[in-house]
Amino acid sequence: MKPRVRFAPSPTGYLHIGGARTALFNWLYARHTGGTFVLRIEDTDAARNTQEAVEVILHGLRWLGLDWDEGPTSGEGSHPSKGDYGPYFQSERGENYKRRVQELKDKGFAYEHEGAVKFRMQREPILIPDLVVGDVERKLTDREELDPDFVIVRSDGQPVFHFVNVVDDLEMKITHVIRGEDHLSNTAKHIALFRAFGVEPPKYAHIPLILNIDGTKMSKRDKGASLASYQEDGFLAEALNNYLCLLGWSPKDNTEKLSIADVVERFDLPQILRHNARFDFEKLLWLQGEYCRELSNDKFYELGLHALAKSGLDTKSLPADYVKAALETCRGKIKIFSELPAYAGFYFRDDIAYDPELAKKSFVPENKPRLQKLRDAFAAADPFTAGAIEAALKATATELGVKVGVLVHPVRLACTGNPSGPSLYHLLEVLGKEKALARIDRALVNF
RNA sequence: GACCCUAUGGUCUAGCGGUUAGGACACCUCCCUUUCACGGAGGUAGCCCGGGUUCGAUUCCCGGUAGGGUCGCCA
C-alpha cells in the first residue's frame with residue numbers, strides 16, 4: 001500500500017517556518033515513495049479562521065512548490081477541493097466527529113462530564129513506536145495520574161484537536177504521521193484513541209524542531225519565523241527548500257547543495273536527525289547566493305524589477321534597455337534581492353547620498369585636481385564604453401603617477417555614493433557619459 | 001513538579017569501539033582583482049561532565065548537567 005501522508009496546519013494568518021519544513025518533509029516522503037500528500041485545514045477554532053488565513057497557507061506551499069494531491073484548491077468560502085476523502089476543512093466535518101463521539105460512548109470509552117465529553121484513557125504506559133526516535137515508552141505525568149482522562153468535546157459542542165486529528169487521520173486513511181517533535185508526548189493519547197476505534201494507529205515519525213540561532217524556541221514574533229518573510233525579502237524558494245532539507249535531515253555524504261529532485265530521490269525517514277537544529281540565517285544566505293548566481297538573465301531581471309518597485313524606486317520612466325543593463329551589472333554580486341535598492345539605487349535616482357566615511361577619505365583637496373583631470377578624460381572618451389572608460393582611467397592614473405585605486409574610489413563615490421558596488425567601468429557605461437559627468441561635477445564642489 | 005526527547009568546533013553536520021575526528025557556513029591570513037562579490041591557497045576552533053563495560057571509548061550502559069518538548073474545555 002502506498003503511503004498517505006498529510007500536512008494539517010491551522011489557519012492562524014501565517015505559516016511558521018517550522019510548519020513549512022514539516023510540510024516539506026511530508027511532501028518529500030510522499031514524492032519519494034510515490035505516495036499521496038494530503039493537505040487538511042484544521043480550522044476548528046472558528047473565531048480566527050478567515051479565507052485570507054487559509055490563502056496564506058496555500059500560497060506559502062505553492063511558493064515552495066509543495067503541490068498536494070488532495071486538499072483545498074482555494075481558501076474561498078465555498079471551499080473547493082480535490083480528493084476522495086474530503087471535506088478537507090475540519091469545520092465541515094462536524095458530522096464525522098459526532099458519529100465518532102457516539103461510537104466511543106457506545107463502546108464505553110467516552111462519557112459526559114460537566115457538559116463536556118471525556119475519553120477514558122488507560123493508566124498503563126503506552127509504547128510509541130517512532131520511525132525517527134525509536135520506541136518511546138510514555139508514562140503518565142503526576143497530573144495525569146490524578147485524572148488520565150481528557151476532554152474530546154468541549155461543553156460548547158466543539159471537538160478538540162486530539163480527537164479531530166485522530167478521526168481525520170483515520171478516515172482519510174493516513175498511513176504515516178510526520179510531524180514536529182512537540183507532538184511526541186501527546187502521541188500516547190492519539191494511539192489510545194485509535195485503539196478505542198478498533199484500528200491500528202498509523203506509523204509515526206516525529207521530526208526535530210527548528211530553534212532560533214540562540215537555541216530558544218522560535219515563536220511567532222521572532223524574526224524569520226514566518227515563511228512569507230523569506231519571500232518578501234527576495235529569497236528564492238529553491239534556496240530555502242535546500243536549506244530546510246538540511247535542517248534535521250542529512251544526505252550523509254557531505255553534499256550541501258541539492259536540487260529538490262535530488263532530495264526527492266534520496267530522502268527517507270531513517271536519515272532524519274533526532275536533535276533540534278538552530279536556524280542559521282548566514283548559511284541560508286550562502287545557499288541563496290549560490291542559487292541567485294545561477295538565475296537566468298530574465299528571471300534575475302524580473303525579480304530585480306520587483307524588488308526595486310517594492311522599495312519605491314522608479315524604473316518605469318526609464319528605458320527598459322537601461323534598466324536591464326543596470327540589473328545585469330548586479331548579477332553575481334548580490335545574494336538576495338532585498339540588497340538591490342541600496343546596491344543599485346544610484347541607477348534610478350540622481351540625489352546621491354555619499355557614504356560619509358569614504359567621503360572623508362576620498363573627497364580631499366589633493367584629489368580634486370585628479371578627479372578634474374579624470375573628468376576631462378571621460379569627456380573625451382568616445383564611445384563611452386567600459387573598455388574606453390577603463391583605458392581613460394588607467395591613462396590618467398599613469399599620467400598622474402598614482403595607482404588606479406586613487407581615482408577609482410572618488411569616482412565610484414561621486415557616481416554611486418557607495419564604497420562598493422558593480423564594476424565601476426560597466427556601471428559608468430550604463431549610467432552614460434552625461435549622467436556620469438554631471439555627478440562628478442556635483443561631487444567636485446564637496447572637496 | 002512529573003513525563004518524554006536530545007547532546008561532535010560559534011552554527012549545520014559526517015563518523016557510531018582502534019580515525020592525524022571529515023565536510024559546509026561563519027571568522028582570520030594570503031593570492032586574484034577597478035571596489036565588492038566570485039574563485040584559489042592556508043589557518044583558528046569540536047566529541048558536555050562523572051562513573052562503568054572493554055586491551056581500547058567521541059562511539060555501548062548508568063548517573064549528572066544543559067537545552068528542547070509535553071502534561072488545557074489551544075492547535
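No experiment lies behind these values; they were computed from the predicted model shown. Below, chains carry the letters A, B, ... as their sequence lines are ordered, and counting in each starts from 1. Basis for what follows: all heavy atoms, side chains included, without hydrogens, waters or symmetry-related copies.
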Which of the following nucleotides, [options], is nearest to the side chain of [X]?
| X | options | answer |
| --- | --- | --- |
| A/Leu273 | B/U34, B/C71, B/U13 | B/U13 |
| A/Val160 | B/U34, B/A75, B/C12 | B/A75 |
| A/Lys252 | B/G15, B/C71, B/U70 | B/G15 |
| A/Arg143 | B/U35, B/U70, B/C71 | B/C71 |

Of all the heavy-atom pairs spanning A/Leu284 and A/Ala239, show the shortest one and how long it is. CD1-O, 3.9 Å
Donor-acceptor pair under 3.5 Å, [X] side chain vs [N] base:
| X | N | value |
| --- | --- | --- |
| A/Lys333 | B/C36 | yes |
| A/Ser155 | B/C73 | yes |
| A/Ser423 | B/U34 | yes |

Please report the distance separating the C1' of B/U58 from the corresponding atom of B/C47, rounded so that it comes out in whole Å. 4 Å
Please report, rounded to the nearest Å, how far the C1' atom of B/A75 is from the CZ atom of A/Phe89. 17 Å
According to the interplanar angle, ranging from 0 to 90°, do the rings of A/Tyr204 and A/His206 count as parallel (below 30°), tilted (30 to 60°) or perpendicular (above 60°)? parallel
Applying salt bridge (Lys or Arg N to Asp or Glu O under 4.0 Å), run through A/Glu42 and A/Arg6 and close with a yes or a no. CA-CA 12 Å; A/Glu42 306 223 334; A/Arg6 48 60 166 188; 5.6 Å; no
So does A/Asn418 get a side-chain nitrogen or oxygen closer than 4.0 Å to the phosphate oxygens (OP1/OP2) of B/C36? no
At 4.0 Å (heavy atoms only), tell me whether [X] reaches a base, stays on the sugar-phosphate, or touches nothing.
| X | value |
| --- | --- |
| A/Leu209 | sugar-phosphate |
| A/Gly289 | nothing |
| A/Tyr343 | base |
| A/His409 | sugar-phosphate |
| A/Asn276 | sugar-phosphate |
| A/Arg412 | base |

Comparing A/Tyr425 with A/His113, nearest RNA chain B nucleotide closer to 5' gives the residue A/Tyr425
Can you confirm if the aromatic rings of A/Tyr29 and A/Phe37 lie within a centre distance of less than 6.0 Å? no
Do A/Glu339 and A/Lys333 pass the salt bridge (Lys or Arg N to Asp or Glu O under 4.0 Å) test, and can you show the C-alpha distance, the side-chain angles, and the key distance before you say yes or no? CA-CA 10 Å; A/Glu339 292 175 56; A/Lys333 301 289 204 157; over 6 Å; no
